[in-house]
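Step one of this worksheet: look at the structure below.
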Number of protein chains: 2
Amino acid sequence: MRRSSAETKAVILAAARERFAADGYDKATIRAIAADARIDPAMVMRYFGTKEKLFAAAAEFDLELPELAPDQAGAGLVRHFLRKWEADEGLQVLLRTGVTNEAAAERMRTIFGGQVMPLVIGLTGDPERAPLRASLVASQLLGLALSRYILKFPPMVAATEEELIAWLSPTVQRYLTE
Amino acid sequence: MRRSSAETKAVILAAARERFAADGYDKATIRAIAADARIDPAMVMRYFGTKEKLFAAAAEFDLELPELAPDQAGAGLVRHFLRKWEADEGLQVLLRTGVTNEAAAERMRTIFGGQVMPLVIGLTGDPERAPLRASLVASQLLGLALSRYILKFPPMVAATEEELIAWLSPTVQRYLTE
DNA sequence: GTGGAATGTCAACGGCCGTTGGCCTACAAT
DNA sequence: ATTGTAGGCCAACGGCCGTTGACATTCCAC
């Protein structure tokens with residue numbers, strides 16, 4: 001079969017995202033990704049050069065945090081995070097990989113440092129404690145993703161979006177505004 | 001060098017725990033563990049049979065949850081969890097590994113289901129909502145470990161034990177007692 | 001002191017990995 | 001119709017892995 005360069009690249013990237021999200025960095029092999037994309041492993045190298053560069057491309061990610069009213073920021077953040085997780089594999093890629101791969105952990109730090117912290121500063125006008133506040137928020141949101149989507153604790157899997165929002169919003173709200 | 005069987009087994013197990021905790025299942029190779037233990041890789045197989053069985057032995061773990069007064073359970077749990085994490089590599093092994101290894105994820109589920117849930121039932125006398133409560137507690141505590149010890153978000157690393165207890169206790173307390 | 005079990009080493013196996021270089025093959029411009 | 005080029009394939013490399021079996025060494029019981 002014959003495709004345009006851009007098409008092939010996109011197909012490979014989609015397969016890579018799925019594999020990295022499902023298996024983590026090491027178990028997601030170039031060969032498996034290539035098989036998913038119905039293409040020779042050599043093509044992956046041609047288009048991305050190296051497994052690390054392919055991963056870097058697959059881990060591109062933007063939290064796309066919305067503007068939030070200060071008194072509803074907690075609920076808004078939890079809801080946005082849950083939906084973002086389910087709609088975009090990027091977060092899964094980063095979490096599955098960041099645990100055993102220092103480069104991915106570094107990217108996670110910059111994403112949360114660069115995207116959550118400014119939001120917190122804007123919401124609280126408290127630049128001094130904002131880094132800790134943002135990290136506390138991140139700890140609860142990532143713990144949610146970990147227990148619900150990765151470790152699959154049955155009660156977390158069974159809970160509805162609304163239940164989770166109801167339970168977690170006050171926590172996040174308090175971390176944001178004391 | 002010549003050692004007793006039990007000594008050697010213990011040395012291998014200690015090396016395995018360190019490697020699994022630092023690197024996760026795949027990157028912690030039998031060869032590296034054997035090198036740490038200053039022994040031939042074949043000995044690891046002799047004593048443990050298989051990499052999976054070695055892992056199972058290295059991932060033995062008991063949370064050792066203490067008895068807690070209901071109104072101080074939040075603070076007690078956070079403090080206990082922080083100290084347990086730093087004193088015992090078992091939790092690190094499970095978290096680093098559970099993210100990409102289904103067997104470790106299953107063990108994590110049984111540990112939290114079998115140890116945290118009974119504690120929550122005892123504290124609240126509310127068997128119906130206890131599973132969700134326990135999972136919420138777990139989500140915050142695991143999120144704490146993830147952001148502080150694995151991803152190493154700088155503000156979480158810099159925070160003192162007392163600061164973290166002060167911030168997280170109300171969260172855990174609320175998950176436990178509404 | 002000699003035999004045998006326990007402890008430890010060594011070399012090799014088959015397998016999967018990332019990566020490379022050469023070779024086809026379809027297509028578009030001439 | 002010819003040719004250049006871009007898309008794709010194939011076979012192979014060196015490396016590391018878990019695992020195995022044969023071989024060496026130490027120790028203890030008799």
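Protein chains get the first letters and strands the later ones, always in sequence-line order, with residue 1 at the start of each.
A salt bridge links A/R79 to A/E162: at least one charged side-chain nitrogen sits closer than 4.0 Å to a carboxylate oxygen.
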Run the side-chain hydrogen bond (donor to acceptor under 3.5 Å, both in side chains) check on A/Q140 and B/S139 step by step: do they pass? CA-CA 7 Å; A/Q140 176 61 93; B/S139 81; 3.2 Å; yes

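B/V11 places none of its side-chain heavy atoms less than 4.5 Å from the side chain of B/I39.
The number of heavy-atom neighbours closer than 6.0 Å to CD of B/E161, taken from other residues, nucleotides and ligands shown, is above 12. A/E106 CD: more than 12 foreign heavy atoms inside a 6.0 Å radius.
Distance from the side chain of B/A42 is smallest for C/dT9 among the nucleotides C/dT9, C/dT19, C/dT7. With distances taken from any side-chain atom of A/T29 to the nucleotides C/dT19, C/dT9, C/dG18, the minimum falls on C/dG18. Side chain of A/S5, nearest nucleotide from C/dT9, D/dG7, C/dT7: D/dG7. Of the candidates D/dG7, D/dT19, C/dT19, C/dT19 carries the atom nearest the A/T50 side chain, counting heavy atoms from C-beta on.
Evaluation of atom-type donor-acceptor distances gives no pair under 3.5 Å for the side chain of A/R3 against the base of D/dG8.
Atom NZ of A/K9 is separated from atom C1' of D/dG8 by 17 Å (rounded to the nearest Å). Regarding A/R46, its CZ atom lies at a distance of 8 Å from the P atom of D/dG7, rounded to whole Å. Atom CE in B/M43 sits about 15 Å away from atom C1' in D/dT19, given to the nearest Å. With rounding to whole Å, B/E7 atom CD is found 13 Å from D/dC27 atom P. Taking atom CG of A/D26 as the reference point, atom P of C/dC16 lies 17 Å away to the nearest angstrom. Between B/D40 atom CG and C/dA12 atom C1' the separation is 12 Å, expressed in whole Å. A/F48 places its CZ atom 16 Å from the C1' atom of C/dT19, with the value rounded to the nearest Å. B/I30 has its CD1 atom 11 Å from the P atom of D/dT20, to the nearest Å.
Nucleotides of DNA chain C nearest to A/K27 and B/R31 differ in position, and the one nearer the 5' end is that of B/R31.
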